[in-house]
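One structure is given here, and the rest of the page talks about it.
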Amino acid sequence: QVQLVESGGGSVQAGGSLRLSCAASGFGFIYTRYCIGWFRQAPGKEREGVAAIEGDGQTNYARYADFVKGRFTISKAYAQNTLYLEMNSLKPEDTAVYYCAARPRGGDCSPSPGVFDYWGRGTQVTVSS
């Protein structure tokens with residue numbers, strides 16, 4: 001069973017930055033074999049994809065939702081089995097619960113919520129104007 005635990009959420013003012021972390025564990029979990037992503041869900045809205053990444057450690061492929069391109073960066077620390085999301089130039093509309101999720105590699109590694117198998121419980125990000 002794969003377990004994902006997010007951390008790093010909090011409250012910031014618009015224009016500020018946060019870095020989210022997602023620690024992965026579980027029998028047989030090897031980062032290089034998974035497509036891993038970040039998602040978010042604001043109150044009253046559907047869960048949406050933010051970014052996803054896959055790779056072998058030397059070469060990684062990341063994909064981003066248009067609304068975060070140039071502001072957010074997804075990365076992995078293989079030795080620590082940890083996924084990160086660096087968020088800069090935060091806006092009030094970025095306020096949401098942020099989740100990390102994983103699925104075995106295969107096909108296009110895009111942040112599409114419906115195809116991910118394992119989910120964390122989320123961490124709250126609040127951006128005030």
Side-chain angles (χ1 to χ4, degrees):
Q1 182 71 20
V2 174
Q3 295 178 331
L4 303 169
V5 181
E6 303 94 337
S7 61
S11 297
V12 296
Q13 291 189 328
S17 300
L18 282 174
R19 188 175 80 156
L20 305 183
S21 300
C22 173
S25 63
F27 178 76
F29 186 84
I30 301 174
Y31 251 118
T32 55
R33 297 179 182 176
Y34 284 80
C35 166
I36 309 169
W38 285 99
F39 302 82
R40 69 186 189 184
Q41 188 166 18
K45 295 187 177 181
E46 293 187 353
R47 190 169 297 185
E48 60 183 357
V50 174
I53 189 170
E54 64 177 343
D56 61 9
Q58 292 185 330
T59 303
N60 296 312
Y61 302 94
R63 294 173 178 82
Y64 296 89
D66 288 342
F67 54 80
V68 301
K69 284 181 180 178
R71 299 190 298 126
F72 292 8
T73 302
I74 188 172
S75 61
K76 293 193 287 187
Y78 287 89
Q80 294 79 31
N81 262 4
T82 302
L83 178 73
Y84 298 102
L85 184 69
E86 187 76 35
M87 304 187 296
N88 298 312
S89 301
L90 283 162
K91 305 174 182 179
E93 51 264 44
D94 294 318
T95 295
V97 177
Y98 283 71
Y99 301 88
C100 69
R103 65 165 179 82
R105 290 182 70 179
D108 182 22
C109 181
S110 295
S112 301
V115 298
F116 280 72
D117 301 310
Y118 307 102
W119 291 83
R121 293 188 174 184
T123 185
Q124 176 70 46
V125 172
T126 303
V127 184
S128 58
S129 58

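Under the rule for a side-chain hydrogen bond (donor to acceptor under 3.5 Å, both in side chains), the partners of Glu48 that lie at least two apart in sequence or sit in another chain are Arg40. Scanning for side-chain hydrogen bond (donor to acceptor under 3.5 Å, both in side chains) contacts around Ser89 gives an empty result, with sequence neighbours left out. Phe116 meets the ring pair (Phe, Tyr, Trp, His ring centres under 6.0 Å) test with Phe39; sequence neighbours excluded. A search for side-chain hydrogen bond (donor to acceptor under 3.5 Å, both in side chains) contacts involving Arg19 returns nothing, not counting sequence neighbours. Listed by chain and number, the residues in a side-chain hydrogen bond (donor to acceptor under 3.5 Å, both in side chains) with Arg103 amount to none (sequence neighbours excluded). Under the salt bridge (Lys or Arg N to Asp or Glu O under 4.0 Å) criterion, Arg71 pairs with Asp94, sequence neighbours left out. Take Ser110 and apply the side chain to side chain contact (heavy atoms under 4.5 Å, CB included) test, not counting sequence neighbours, and it matches Arg63, Asp108, Ser112. Residues satisfying the salt bridge (Lys or Arg N to Asp or Glu O under 4.0 Å) criterion with Asp117, sequence neighbours excluded, are absent altogether. Taking Lys45 as the reference, nothing meets the salt bridge (Lys or Arg N to Asp or Glu O under 4.0 Å) condition, with sequence neighbours excluded.
A 4.5 Å side-chain heavy-atom check between Tyr118 and Tyr34 finds at least one atom pair inside the cut-off. Between Asn60 and Ile74 the shortest side-chain heavy-atom distance does not fall below 4.5 Å. Considering only heavy atoms from C-beta on, Glu6 stays 4.5 Å or farther from Tyr98 through its side chain.
By the rule that hydrophobic residues join a cluster once side-chain heavy atoms approach within less than 4.5 Å of another member, Tyr64 and Val115 end up as members of separate clusters. Hydrophobic cluster membership differs between Val97 and Leu85, with clusters built from Ile, Leu, Val, Met, Phe, Trp and Tyr side chains linked at under 4.5 angstrom. Taken together through direct or relayed side-chain contacts under 4.5 Å among Ile, Leu, Val, Met, Phe, Trp and Tyr, Val50 and Leu20 form part of one hydrophobic cluster. Residues Val5 and Trp119 fall into different hydrophobic clusters, defined by Ile, Leu, Val, Met, Phe, Trp and Tyr side chains chained together at heavy-atom separations under 4.5 Å. Placement of Tyr61 and Ile36 in two distinct hydrophobic clusters is found when ILVMFWY residues are connected by side-chain heavy-atom separations under 4.5 Å, directly or transitively.
Evaluation of the disulfide (SG to SG under 2.5 Å) test over residues 68-129, restricted to residues two or more places apart or in two chains, returns Cys22-Cys100, Cys35-Cys109. For residues 58-92, no residue pair satisfies the disulfide (SG to SG under 2.5 Å) rule, not counting sequence neighbours.
Closest heavy-atom contact between Ala52 and Pro111: CB-N, 3.8 Å.
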Check: residues 121-129 side-chain donor-acceptor pairs under 3.5 Å, at least two apart:
residue	atom	partner	partner atom	Å
Thr123	OG1	Gly9	N	3.1
Gln124	NE2	Ala96	O	3.4
Gln124	NE2	Thr126	OG1	3.4
Ser128	OG	Val12	O	3.4

Leu90 vs Phe72, side-chain contact (heavy atoms from CB on, under 4.5 Å): CA-CA, chis, key distance, verdict
CA-CA 9 Å; Leu90 283 162; Phe72 292 8; 3.8 Å; yes

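For Trp38 (side chain) and Tyr84 (main-chain N/O), a donor-acceptor pair under 3.5 Å exists by modelled atom type.
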